[in-house]
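Keep in mind that what you see is a predicted model, and the values were worked out from it rather than measured.
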Amino acid sequence: MKLVKSTGILFLLMAVPILTFAQDWHIGAFLGISNYSGDLTEKRVDFRYTRPALGVLVRRDINRYLTVRGGFTWGIVAGADSTNTSKDMIARNLSFRSNVFEGSLIGEFNFLDIEEKGFTPYVFVGVAGFGFEPMAKDKSGNWVSLRPLGTEGQGLPQYPNRLPYDLFSFSFPFGAGVKAILSDTWTLGVELGFRPTTTDYLDDVSTSYVDQNTLLLYRGQRSVDMAFRGGEVNNKQVPPGTYPADGTKRGSAKYNDWYVFSGITLTYRLGGGSGWGNQKALRCPVLRP
């Protein structure tokens, strides 16, 4: 898989200088939660669909105020119309779940000298590539992969501008956190990181409905069933509906989807001891006449 290979190469390249500059390198883990923002949420983030996230990371201290890190993180994103308050969204009745596998390269900008103060707030920004695959449960409760169904007419000759979307995309992590030294070798941090993406299909929803008969002819009954779930609505205030006409709004292509990774990091300094303190001790003395 492209993402796994790219991430492996990134970690290999970052590991080469470790033997020479071990004091400035940290390896560690990330434990936290993941959230989603897109066409199936009314708010920026719906915390009712908070899911777990795990990761590994490598940090390199460039100087006291700049740190570069590479990481690989897995999380789950999910959402559903049925728990929204909008009657239009409830009537649409779509839902999804997807694993997200992210490889990232991020720069951290520290506000304080952590070796001197023992802690520092920081902000970060970077770039990431991630794999995903939106799925949803059918009427029988079985998980169904949505992309092959072309629920918005992707790949059909009647809709030449709608191409099948890639299951690999890019995001641009940014956020803030605080990290503190626990000992000469261990550092603990907590952070909140947002990920705007370059795809609007993290949830398999973006534009409008396509003609039901055309979708049935080319993709089959399952595609029709998963494109519109309004007939399965179980809500006293919203009656079950019928498949909308061709061109009826299904989602909004105005904004791409986001996901969020928040949690704690625990890192171990390779080589032990205080990195910056040791660097000071290793500097060549200034010779004066």
With rounding to the nearest 0.5 Å, note down the distance linking [atom1] in [X] to [atom2] in [Y].
X	Y	atom1	atom2	result
Phe124	Glu108	CZ	CD	7.5 Å
Asp138	Asp225	CG	CG	8.5 Å
Phe30	Trp74	CZ	CH2	11.5 Å
Thr85	Lys43	OG1	NZ	8.0 Å
Thr120	Ile114	OG1	CD1	6.5 Å
Asp81	Arg92	CG	CZ	4.0 Å

Centroid separation [X] to [Y] less than 6.0 Å:
X	Y	result
Trp186	Tyr268	yes
Tyr36	Phe96	yes
Tyr65	Phe109	no
Phe172	Phe174	no
Phe47	Tyr49	no

To check you understand the geometry: which heavy-atom pair defines the closest contact between [X] and [Y], and what is its length?
X	Y	result
Met226	Ala136	CE-CB, 3.7 Å
Val260	Gly193	CG1-O, 3.2 Å
Leu215	Thr151	CD2-O, 4.1 Å
Pro173	Glu102	CG-OE2, 4.4 Å
Asp39	Ser252	OD1-N, 2.9 Å

Among the clusters formed by ILVMFWY side chains lying less than 4.5 Å apart, do [X] and [Y] turn up in the same one?
X	Y	answer
Phe168	Val127	no
Tyr122	Phe119	no
Val68	Phe111	yes
Ile33	Leu192	no
Leu182	Leu270	yes

* Can you tell which of Leu202, Val205, Asp203, Leu167 makes a side chain to side chain contact (heavy atoms under 4.5 Å, CB included) with Pro134? -> Leu167

* Salt bridge flag under 4.0 Å for residues Glu116 and Arg64 ->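 Result for this pair is no, no salt bridge flagged.
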
* Answer yes when Lys87 and Glu42 have at least one side-chain N-carboxylate O distance shorter than 4.0 Å, and no when they do not. =>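 So Lys87 does not pair with Glu42 through a salt bridge.
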
Just so I know, are the side chains of [X] and [Y] near enough to count as touching, which here means a heavy-atom distance under 4.5 Å?
X	Y	answer
Leu54	Leu31	yes
Met135	Ser98	no
Tyr201	Leu146	no
Asp24	Arg59	no
Tyr209	Tyr243	yes
Tyr159	Gln154	no
Thr73	Val100	no
Ile76	Arg97	yes

* Asked: Is atom CD of Gln221 surrounded by more than 12 heavy atoms (other residues, nucleotides or ligands) closer than 6.0 Å?
  ->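 For Gln221, atom CD is crowded (more than 12 foreign heavy atoms under 6.0 Å).
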
* Assess whether atom CZ of Arg222 is packed by more than 12 heavy atoms of other residues, nucleotides or ligands within 6.0 Å. => no

* To do: Quick one: which residue pairs count as a salt bridge (Lys or Arg N to Asp or Glu O under 4.0 Å) with a foot in residues 239-258, not counting sequence neighbours?
  => Glu152-Arg250

Compile the donor-acceptor pairs under 3.5 Å between side chains in residues 227-234 and protein atoms, sequence neighbours left out, one pair per line.
residue, atom, partner, partner atom, Å
Arg229, NE, Glu232, OE2, 2.7
Arg229, NH1, Lys137, O, 3.1
Arg229, NH2, Lys137, O, 2.9
Arg229, NH2, Glu232, OE1, 3.0
Arg229, NH2, Glu232, OE2, 3.4

* Does the pair Leu156 and Thr214 meet the rule for a side chain to side chain contact (heavy atoms under 4.5 Å, CB included), with working shown? -> CA-CA 9 Å; Leu156 298 186; Thr214 301; 4.1 Å; yes

Using a 3.5 Å distance criterion without hydrogens, assess whether the side chain of [X] forms a donor-acceptor pair with backbone atoms of [Y].
X	Y	result
Ser34	Gly75	no
Asn84	Ser86	no
Thr198	Phe170	yes
Thr41	Asp46	no
Asn110	Leu112	no

* **Stepwise side chain to side chain contact (heavy atoms under 4.5 Å, CB included) check, Phe132 with Thr199** => CA-CA 11 Å; Phe132 66 103; Thr199 182; 4.1 Å; yes

Would you please say whether a donor-acceptor pair under 3.5 Å links the side chains of [X] and [Y]?
X	Y	result
Asp204	Tyr165	yes
Tyr259	Ser171	yes
Ser208	Arg162	yes
Thr197	Ser169	no
Thr50	Asn35	yes

* Which is it for Leu149 and Val144 under the side chain to side chain contact (heavy atoms under 4.5 Å, CB included) test, yes or no, and what are the steps along the way? -> CA-CA 9 Å; Leu149 300 179; Val144 177; 3.9 Å; yes

* Begin with the C-alpha distance, continue with both residues' side-chain angles, and end with the deciding distance and a verdict on side chain to side chain contact (heavy atoms under 4.5 Å, CB included) for Arg195 and Phe130. => CA-CA 11 Å; Arg195 268 77 168 171; Phe130 69 97; over 6 Å; no

* Would you check, one step at a time, whether the test salt bridge (Lys or Arg N to Asp or Glu O under 4.0 Å) holds for Glu191 with Lys179? => CA-CA 8 Å; Glu191 69 178 35; Lys179 52 190 173 183; over 6 Å; no

* Asked: Among Asp61, Thr67, Thr265, Thr187, which residue meets the side-chain hydrogen bond (donor to acceptor under 3.5 Å, both in side chains) test with His26?
  ->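 Among the candidates, only Asp61 passes.
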
* **Face-on cation placement of Arg44 at Phe194 ring, 6.0 Å and 45° thresholds** => no

* Cation-pi between Arg269 and Trp25: NZ/CZ under 6.0 Å from ring centre and within 45° of the ring axis? ->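 Not flagged: Arg269 not positioned over aromatic ring of Trp25.
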
